[in-house]
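I have placed the structure first, in the form of structure tokens, so that the comments after it can refer back to it.
A quick note: this is a predicted structure, and the numbers were derived from the prediction, not measured.
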Amino acid sequence: MGKEMEEGLLQSLKIDALLLSGAANMRYLSGFTGEGYVYLSKNCRMVVTDSRYTIATKAECEGFEVNEWGRDGYYTKLAERMRQDRVKKLGFEDQIMTVSYYERMKEELAKAIVGGRVRSCKGACQWASCREDGGGAGTDSAGRGDW
């Protein structure tokens with residue numbers, strides 16, 4: 001996905017940054033095939049993963065910053081980046097994330113959002129499944145056209 005399409009995605013969802021955790025969406029956006037998260041903002045393209053996937057991630061995800069999470073988890077890296085990006089609205093995949101992960105994310109990452117909030121994308125991130133062939137026209141779960 002190109003920079004213009006990524007910025008269009010953020011604008012259409014009315015968010016400052018997007019956190020992906022679903023395998024298909026992470027692969028479609030970044031090429032990442034491991035375990036972790038893909039973070040996208042106007043200023044940053046980042047994959048956060050653990051040490052098992054670092055070497056492969058650097059090879060797979062051209063143009064993406066690769067960060068390893070440590071003992072404190074991935075929240076520290078994401079929160080630091082969100083503060084730098086001055087994120088007010090963070091979107092995530094509501095159909096992928098479990099309630100327990102959402103609650104922890106909301107608690108940990110909301111601290112980094114300046115006067116903002118963590119927000120579900122209400123199924124809008126299902127676009128990747130419509131474009132698994134790598135292109136062509138597609139619609140998201142709400143019936144909107146190409147991103």
Tell me, do [X] and [Y] make a side-chain contact under 4.5 Å, heavy atoms counted?
| X | Y | result |
| --- | --- | --- |
| Lys42 | Glu7 | yes |
| Tyr39 | Cys44 | yes |
| Glu60 | Arg27 | no |
| Asp16 | Leu90 | no |

- request: Using a strict 4.0 Å threshold on nitrogen-to-oxygen distance, state whether Glu35 and Arg52 make a salt bridge.
  value: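 A salt bridge is present here (some side-chain N lies under 4.0 Å from a carboxylate O).
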
- prompt: Under the side chain to side chain contact (heavy atoms under 4.5 Å, CB included) criterion, do Thr49 and Phe32 qualify, and how do the steps go?
  reply: CA-CA 10 Å; Thr49 189; Phe32 180 54; 3.7 Å; yes

task: Would you tell me whether Asn67 and Tyr37 have side-chain atoms, one donor and one acceptor, within less than 3.5 Å of each other?
output: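 Tyr37 and Asn67 do not have a side-chain donor-acceptor pair below 3.5 Å.
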
message: Within the 3.5 Å criterion, strictly below it, is a donor on Ser51 or Glu68 matched to an acceptor on the partner's side chain?
response: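 The criterion, which ignores hydrogens and geometry beyond distance, is not satisfied for Glu68 and Ser51.
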
What's the spacing between [X] [atom1] and [Y] [atom2] if we round to 0.5 Å?
| X | Y | atom1 | atom2 | result |
| --- | --- | --- | --- | --- |
| Met46 | Leu40 | CE | CG | 10.5 Å |
| Asn25 | Leu19 | CG | CG | 11.5 Å |
| Leu13 | Gln11 | CG | CD | 10.5 Å |
| Arg45 | Ser30 | CZ | OG | 8.5 Å |

Determine the minimum heavy-atom distance between [X] and [Y], stating which atoms define it.
| X | Y | value |
| --- | --- | --- |
| Leu29 | Phe64 | O-CZ, 3.8 Å |
| Arg81 | Glu65 | NH1-OE1, 4.1 Å |
| Ser41 | Leu10 | C-CD1, 3.7 Å |

- request: Only one of Glu80, Met82, Arg86 passes side chain to side chain contact (heavy atoms under 4.5 Å, CB included) with Gln84; say which it is.
  value: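 Exactly one option meets the side chain to side chain contact (heavy atoms under 4.5 Å, CB included) with Gln84, and it is Glu80.
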
ILVMFWY cluster, Val47 and Leu9 together (side-chain gap under 4.5 Å):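 Yes, it is one cluster - the side chains of Val47 and Leu9 are joined through contacts under 4.5 Å.
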
query: Transitively linked via ILVMFWY side-chain contacts under 4.5 Å: Tyr53 with Val66?
result: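 Hydrophobic grouping puts Tyr53 apart from Val66.
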
- request: Please test Leu20 against Tyr28 for side chain to side chain contact (heavy atoms under 4.5 Å, CB included), starting from the C-alpha separation and ending with a verdict.
  value: CA-CA 11 Å; Leu20 298 176; Tyr28 176 75; over 6 Å; no

